[in-house]
Amino acid sequence: MINIVYRLKSPKFFEESIDEVELDGVIVRPTHLSICQADQRYYQGSRPANILDEKLPMALIHEAIGEVVFDSEGNFKSGDMVVMIPNTPFGEDVYSPNYSYSSKFRGSGFDGFTSDLVNLPEDRVVKIPDDFNLNVSAFIELISVAYQGISKFKQMAITPKDKLGVWGDGNLGFITALLLKELFPKSKVLVFGKHQENLNLFSFADEIYRIHD
Ligand SMILES: [Zn+2]
């Protein structure tokens, strides 16, 4: 199957290339993508020149959902909406791929999701329930990052959890504060940030602070 991949060749310059997609695993057509700060740093050229030389050309974006086009195993129907998992385990350590040196990450170690079609192994694809908002679902990868942090915190923290502070008023701070509010309903969630217009959006938080105050 013919595929077009949109790769960042150098800062602020993309190139299109025609590629072949093999019909094995799950083939997904990305529909909703979210831009990470990590993508911005490649696009703006704010990473060191040797890193840019080593990684580019590369398709950006690791936060995305899409529509299944084909599944060789038949577990997914065409038209199913799915989240694509950017982390891909290689080698032995398949139990904690997030922490394994042999894992590769899309949009960092190899091509991300800016292509017409993406080929993924079955276990790198998760079906999205029918009633999910697809614009919000584009953030599921980012939500999983916040959720992972909170799960580890829950396992390890032995201090009281009646007051929880979140530093940061960007989207990761917003998602983390919102998850904390759901997962620790009895705790107060305090948000510390720099931007009043962002902080105003944290209407569910118990207290907000501007750090320069
Ligand atoms: Zn990210």
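All values derive from a computational prediction rather than experimental measurement. Every number for a ligand or one of its atoms is a count from 1 in the order of the listing.
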> Distance under 6.0 Å and angle within 45° of the ring axis: does K127 meet both against F76?
no
> State whether F202 and K181 meet the cation-pi test: NZ (Lys) or CZ (Arg) under 6.0 Å from the six-membered ring centroid, and within 45° of the perpendicular axis.
no
> At a cut-off of 2.8 Å, what protein N/O/S atoms sit near the Zn ion (ligand 1)?
C36 SG, H62 NE2, E63 OE2
> Would you call the rings of F204 and F174 parallel, tilted or perpendicular, taking 30° and 60° as the class edges?
perpendicular
> Using a 3.5 Å cut-off and no angle test, enumerate the donor-acceptor pairs between side-chain atoms of residues 50-65 and protein atoms at least two apart in sequence or in another chain.
unit_1: K55; atom_1: NZ; unit_2: S108; atom_2: O; d: 3.1
unit_1: K55; atom_1: NZ; unit_2: S108; atom_2: OG; d: 3.3
unit_1: E63; atom_1: OE1; unit_2: S34; atom_2: OG; d: 2.4

> Not counting sequence neighbours, list each pair that qualifies as a ring pair (Phe, Tyr, Trp, His ring centres under 6.0 Å) and has a residue in residues 114-151.
none
> Can you sort out the partners of F153 under ring-ring contact (aromatic ring centres under 6.0 Å, His included), two or more places apart, ordered by chain and number?
none
